[in-house]
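Nothing here was measured: the structure is a model prediction, and the numbers come from that model. Starting from 1, each residue takes its place in the sequence as its number.
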Amino acid sequence: MRKFVVESPYELSGDQGPAVQKLAEGFLRGDRFQTLKGVTGSGKTFTMAKIIEAVQRPTLVISHNKTLSAQLFREFKTFFPNNAVEYFVSYYDYYQPEAYVPARDLYIEKDASINKEIDQMKMAATYSLMERRDVIVIATVSCIYGLGMPELYKSMRVHIEKGQTLDPRALALELAQVQYKRNDMVLERGTFRIKGDVLEIYPPYMEFDEAYRIELDWEEVVRIRRFNVVSGKVTEELDETTIYPAKNFVVPQSELESATERIQKEMEARVEELRAQKKMLEAERLKTRVTYDIEMMKEMGYCSGIENYSAPIANRAPGVPPATLLHYFPDDFLCLIDEAHVTVPQIGAMYEGDRSRKQNLVDFGFRLPSALDNRPLKADEFWKKINQAIFVTATPRPEEVKQSTQVVEQIIRPTGLLDPIVEVRPSEGQMEDIYKEVRERIEKGERSLILTLTKKMAEDLTDYLLGLNLKVKYIHSEIDTFERVEILKSLRTGEIDVLIGINLLREGIDLPEVSFIALLDADKIGFLRSTTSLIQIIGRAARNAEGKVVMYADRMSDAMKEAIDETRRRRSIQEAWNAEHGITPKTIKKAVADILEHQEQDAKETAAIQLEALKKSANLFVAKERKKLIEALKKEMSDCAERLDYEQAAAIRDQIYDIEKTYGRS
């Protein structure tokens, strides 16, 4: 297989190196569970990439939401440009699951808007896992939901090679059976067309806009080419190719006949059962629906909602778990669970929520009982499929720590930034104190966060601070996704100086401009003020060299004490490291995507920051290291030019010139 190789101008720094070594050694000796306990901003993603490079195994990275998964996907794509990095999340932009509300006799049909780009990426993930081992899949918990069986998916692929005798009509029928549609006018993903002796097939899983062109001469394959669908340019001449199904849920015609017989028998038995219970309406409803679906499967090989029949199609006994993305991985794969303190409980909760919704559909004749087995995996079924896992989090739960053979800490940040100072102040007079702190931050051009316990308090506090002529907004669960993004951007750009929130500011939000966090009602007991939540909140101020967190409370709760003690322990280790290595912490400077225009001066400042980071990993007086640094900068300059970011490219060019002028050419 092609080896995993991390491409990055940066080297391991701080305690990243020991962390990678310990965890890789633990994996290779067979440790089933390990934990990487890394503070916010310590470069856990880079550490994960280096672990993958060290162990050389197919890898599944699970995160708990789409936003963080997308962020990880972009970063891993950058780290592994020559390997298959895939993205597997729910492909619905909008999703209303099928449901029935008995109290109102209300049936809600499944309604969904599918994101075609994400659908293509999901198909690309299963395709890559079939074809190669150097695969990294970034996924959400959607990876534990039912998917087509990998054995069927692989067995129904169509292999074509030069010199082969091929009947175009037979191939067209074969492609139709694996869910390709014929369209002789427009070639789209999941379609094929025939023009004389030329067949063109556009698989839905191709990363770039590429399709296959098969040229025949009296039913003999004389040429196979891969070409760009948009430009028509031929990208590669091939001796053979393999076409995988256009959908994950596919069934061979031979097996479909026996599958429909099993569905028919289950339907008849269930209809009799409903009639015996005097549920005539439900019995007739079920019979009508299932009979129609069976006819569709016989005629088309597919029907709407075919996943609900996955158990009888696969001939699975009741209760047997469905095939999922995990079943596409080889047995020796590595699983990295990011933000494990949130992701692991989420994995365990998926089954019950799905079951309660579907039970009503079964009880009232909308679905067969076997539909209950089209479900996410239960927690124990998930862990049975996991070969070896590394939990990655700043705040591991006791359950993960207990399971792990070792807990490896990563406390040092490559930037030298320290965990923030944490103070406890009385709640009496807190508003006056907060106003004073916020004013100090505004004068320095910095931002502030205030965390409350309720939505009402967040809204009332916003009104109060607006009355004091502060630029402030609130954010909570009733604010839609797009507006939340805009509010966070406005905080970073300085349109507002203060953001008030509840629980939405913990995992994965990078706000380097924030230097002050006020935590109201810090001593209250509950999830929002647990040790884990407090440590995560404190971490939000660790991106700024002036970071400070003030907890307003009337007493010191156990959670507060644990969080403060842990923060002070980490800070003392970080201070000792900085003193030993002569590092002065500097606030992270990060461009705000999609807001600020990339003016030349901004580009030069960003380039200077990146250059300083690179200088730390290279001795510029050593020709070999200087050459490596310049090559990395030239690659970055080329990437900027390809993105049409010419100001940034020019700034990096100037930095290369400065290095060569000061230290000499390599």
Side-chain angles (χ1 to χ4, degrees), residues 4 6-8 10-27 33-55 59-65 67-80 85 136-140 334-344 388-397 400-401 404 406-420 506-512 532 535-543 566-567 569-571 573-574 577 588 590 613 617:
F4 287 112
V6 173
E7 298 284 342
S8 173
Y10 309 108
E11 297 294 334
L12 293 170
S13 62
D15 45 10
Q16 289 176 328
V20 171
Q21 184 179 352
K22 289 176 185 176
L23 291 166
E25 287 175 354
F27 179 87
F33 297 114
Q34 303 177 84
T35 295
L36 171 60
K37 183 180 178 182
V39 301
T40 302
S42 62
K44 294 190 289 292
T45 305
F46 189 51
T47 300
M48 288 193 279
K50 283 293 187 179
I51 291 169
I52 295 170
E53 183 183 51
V55 303
T59 302
L60 171 64
V61 182
I62 307 178
S63 184
H64 67 283
N65 67 43
T67 304
L68 293 186
S69 295
Q71 183 178 317
L72 287 170
F73 174 67
R74 287 192 296 270
E75 290 176 344
F76 276 100
K77 267 283 192 188
T78 304
F79 290 144
F80 296 99
V85 179
I136 302 167
V137 179
I138 314 299
T140 58
L334 163 65
C335 181
L336 294 166
I337 303 180
D338 191 38
E339 299 290 0
H341 64 285
V342 178
T343 308
V344 172
Q388 291 171 275
I390 297 175
F391 304 112
V392 181
T393 175
T395 51
R397 300 183 309 153
E400 281 85 69
V401 173
S404 300
Q406 62 174 338
V407 176
V408 178
E409 285 197 312
Q410 189 170 298
I411 294 175
I412 308 302
R413 296 183 177 87
T415 55
L417 285 169
L418 308 172
D419 273 34
R506 296 187 298 111
E507 294 90 7
I509 296 177
D510 192 1
L511 302 169
T532 298
I535 291 174
Q536 289 283 350
I537 290 166
I538 291 167
R540 294 309 106 210
R543 301 280 188 176
E566 175 64 11
T567 302
R569 182 186 74 86
R570 292 174 176 180
R571 186 178 172 91
I573 294 171
Q574 293 157 357
W577 174 274
I588 295 172
K590 259 193 176 180
S617 65

What are the two closest heavy atoms between Gly539 and Thr40, and how far apart are they? O-CG2, 3.7 Å
Please answer whether the main-chain N or O of Gly43 pairs with a side-chain N or O of Arg413 as donor and acceptor at a distance below 3.5 Å. no
Of all the heavy-atom pairs spanning Val85 and Lys77, show the shortest one and how long it is. O-CE, 3.5 Å
Flag side-chain contact, heavy atom, 4.5 Å: Thr532 against Thr393: no
Taking Lys50 for the side chain and Val20 for the main chain, is one N or O donor matched with an acceptor at less than 3.5 Å? no
Heavy-atom closest pair (Thr140 atom, Ser69 atom, distance to 0.1 Å) is CG2-OG, 3.2 Å
CD1-CG distance between Ile411 and Leu418, expressed to the nearest 0.5 angstrom: 12.0 Å
So, do Asp15 and Trp577 sit near enough that their side-chain heavy atoms are less than 4.5 Å apart? no
Given Val61, which of Thr45, Ile390, Leu72 fulfils the side chain to side chain contact (heavy atoms under 4.5 Å, CB included) condition? Leu72
Between Leu60 and Ala139, what is the shortest heavy-atom contact and its length? CD1-CB, 3.9 Å
Given side chains that start at C-beta, do those of His341 and Glu339 come closer than 4.5 Å, heavy atoms only? yes
Is a side-chain donor or acceptor of Thr47 paired with a backbone partner of Gln16 at a separation under 3.5 angstrom? no
Can you find a heavy atom in the side chain of Glu566 that is under 4.5 Å from one in the side chain of Thr395? no
Start with the C-alpha distance between Glu400 and Arg397, add both sets of side-chain angles, then the distance that settles salt bridge (charged side-chain N to carboxylate O under 4.0 Å, His left out), and finish with yes or no. CA-CA 5 Å; Glu400 281 85 69; Arg397 300 183 309 153; 2.7 Å; yes
Validation row: Leu511, Arg543 side chains within 4.5 angstrom (heavy atoms): no
Side chains of Ser63 and Ile138: closer than 4.5 Å at any heavy-atom pair? no
Let me confirm one number: the CG-CZ distance from Leu417 to Arg571, rounded to the nearest 0.5 Å. 10.5 Å
Heavy-atom distance under 4.5 Å between the side chains of Ile52 and Phe79, does that happen here? no
Nearest 0.5 Å, what's the CD-OG1 distance between Gln406 and Thr35? 9.0 Å
Show your working on side-chain contact (heavy atoms from CB on, under 4.5 Å) between Ile538 and Arg570 and close with a plain yes or no. CA-CA 12 Å; Ile538 291 167; Arg570 292 174 176 180; over 6 Å; no
Value rounded to 0.5 Å, distance of CZ in Phe33 from CD1 in Ile337: 7.5 Å
Nearest 0.5 Å please: distance from the CG atom of Leu334 over to the OG1 atom of Thr59. 4.5 Å
Between Phe80 and Phe76, how do the two ring planes meet: parallel, tilted or perpendicular, split at 30° and 60°? parallel
Kindly indicate whether the side chain of Asp338, heavy atoms from C-beta on, has any atom under 4.5 Å from the side chain of Met48. yes
Ignoring hydrogens, what is the shortest heavy-atom contact between Lys37 and Ala394? Give both atom names and the distance. CG-O, 3.9 Å
Atom NZ of Lys22 with >12 non-hydrogen neighbours under 6.0 angstrom: no
Counting distance only, does the side-chain N/O of Ser8 pair as donor-acceptor with the main-chain N or O of Tyr10 below 3.5 Å? yes
Looking at CD of Gln34 and CG of Leu23, how far apart are the two atoms once the value is rounded to the nearest 0.5 Å? 5.0 Å
From CA spacing to verdict: side-chain contact (heavy atoms from CB on, under 4.5 Å), Thr343, Phe391: CA-CA 10 Å; Thr343 308; Phe391 304 112; over 6 Å; no
Got a donor-acceptor contact below 3.5 angstrom from the Gln410 side chain to the Gly14 backbone? no
Heavy-atom pair of closest approach, residues Lys44 and Val39: NZ-O, 3.3 Å
